[in-house]
**Q** 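Sharing a structure below in structure tokens format, with a few things to ask.
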Amino acid sequence: MTSKTSVSLRNLTRAFGATRALDGMSLDIEPGEFVALLGPSGCGKTTALRVVAGFETADSGEVLVGGDDVSPVPAAKRDMGMVFQSYSLFPNMNVADNVGFGLRMRKKSAAERRAKAAELLEMVGLADRARQYPHQLSGGQQQRVALARALAIQPRVLLLDEPLSALDAKVRQQLRDQIRELQQRLGITTLFVTHDQEEALSMADRVGVMRDGKLEQVAAPDELYASPATEFVAEFVGTMNRLPGDLADGAVTVLKGTTVPAAGDGVADGPVDALVRPESLAVEPSGDRNGTVAARTFLGAVTRVTVTLDGGTDVRVDLPSTSAGDLTTGAGVRVTLPGTRVLVAPRRS
Amino acid sequence: MAAIARKPGRKSFPAWRWVILLLAAVYFLIPLYGAFQFTGVSAFGQVITTDGFGSSLWLSVRLALVTTAITLVLMVPTTIYVHLRLPKVRRVMESVTILPIVIPPIVLIIGLLQIAPPALAGTPYMLALEYVVLAMPFAYRSIDAGLRSMDLKTLTEASNSLGAGWLATLRRVVLPNLTTALLSATVLTVALVLGEYAMASLDLTTTFPVWIVTNDQTSAPVSVAASLLSLFVTWLVLMVIVVIGTRQSRRKGGGEVALFSVLPTSQTMSET
């Protein structure tokens, strides 16, 4: 349906007063790729999206769409479909007219608009709602119409600004799958902004983690999870334990005697924290104990056991629920780290 | 899950409310009844044939139309601009627009005379400019309430991103969702112009209210009948606008047309 378009953000900066919302941000999105920008509120992800959309101008840097700098192009002429966080359907128009609005602005005939609206409403599963007004639809339905409306103009790029955050959990899940499915079917280059890591990791081809106006890391979801590049990414995405350890000669020693290779730039030898996922640790009841079970949480297939190490540090360990039976609260256990590379960060006191 | 919408069914109406309603009704209706007693039915027939009735009423109607037009043309873009681009100025706007209510009319007139185009001096349309100032507090509040009841920023951005420029966005998205507020502003402005006496008489212009007072000195019953007539006609016009406006707005999920604000409907939605 759409010829695929690449998008490049080059060294964007944008300050609001003393706050630097964007601080030299660069990102390349391949044609047809779905990239999510993930980060805490105020990290600049929405500003980045709005600069691409043309609602904000960057103080410096440029946005290339299909290789051309779009800085001088006003939002109305950028051919970008956008879905907003808040409900954005025009209340004075019915669903079909909302979807056809972009085509109307492009001077398409009424027949063409009707046909296109019908096609897109079919696609989002709301063909029977064409004559209804936005206030008659649920939140999830409104966002699906908004998606259909954004796609109706056959945009070069699809921009999604936290489109799911106003919806309740179940609807959010369904719509997440639907958006991803549509995006892949149409092969449309998509930039998605969210603060919800589950959303970002489950939908995107690549996820860019943002902090203070900069991208910390851009990587495929599995890579981001398995090998976070920075301490911030490690702790923002998923659950992370901080194990006190000692760094020397590129290896870190934790848990009184386990030494594994260390990753992490610019961390000085000496006391550090090793960043370890709960599923990377092992725990078993043992006479040679190094900690005590403080709590256990049943999560279905896995059980998360919180162990207070003898030094006083709490660590969370995930293990199959089937083998968590005798790890009762108060039991003396041994936590071990099967040898893999771990990320280290300066010791946090 | 959204809150469960309460059925707008008729709830019990406690007795004390009836008492208040009755007291208010007595307060407002007894003078009208007295006036009607005083005039008798025949005076209503004479009103129309009395000298100056037609011309003064026509002048008031023209003034109402011109004032409304100028007010809307000035206030709508200004208020939209303030909402979109200068949200911090909203406070200031609120204070500024209340000024015409607290400043005596004579001061406003003298101020306007200083800056009005000379071509207008001496014509009745000078009065329209004065009424624009007087109508500003009401018009601003109506339009402001209308803009508050919608997500103006998101709607305009959505419209922009779909390829609509500013004019198209204003015409197809903002104004259609502002009809209720525009109606309120119109109703208030029209009512104000049709009933304003002080400025018109200071300006020595025979508008309908001025004519009524002047006429009072020659034929009191006819003059009172004219006031009743004007009251009734104004009331009728307001009711028609309110009823039609509300019906149209309800159909599209909008609020009720009220004279001082636009009440947003409760955004109850059930997820499916």
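Protein chains get the first letters and strands the later ones, always in sequence-line order, with residue 1 at the start of each. No hydrogens, no waters, no symmetry mates; every other heavy atom, side chains included, goes into these values.
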**Q** Hey, is the main chain of A:A200 close enough, under 3.5 Å, to the side chain of A:D196 for a donor-acceptor pair?
**A** no
**Q** Give a yes or no on whether the backbone of A:V65 and the side-chain of A:R78 come within a donor-acceptor separation of less than 3.5 Å.
**A** no
**Q** Sort and list the pairs that fulfil side chain to side chain donor-acceptor pair (under 3.5 Å) and have at least one residue in residues 102-113 of chain A, not counting sequence neighbours.
**A** A:D79-A:R106
**Q** For B:S159, is it the side chain, the backbone, both, or neither that has a heavy atom closer than 4.5 Å to a heavy atom of chain A?
**A** both
**Q** Can you tell me which portion of A:L89 sits under 4.5 Å from chain B's heavy atoms? Options are side chain, backbone, both or neither.
**A** backbone
**Q** Against chain A, work out which of B:N177, B:T154, B:T179 has the most heavy-atom pairs shorter than 4.5 Å and name it.
**A** B:N177
**Q** Taking side chain as everything from C-beta outward and backbone as N, CA, C, O, which of these in B:A168 sits under 4.5 Å from a heavy atom of chain A? Side chain, backbone, both or neither.
**A** side chain
**Q** Please enumerate all residues that pass salt bridge (Lys or Arg N to Asp or Glu O under 4.0 Å) together with A:E56, with sequence neighbours excluded.
**A** A:R14, A:R50
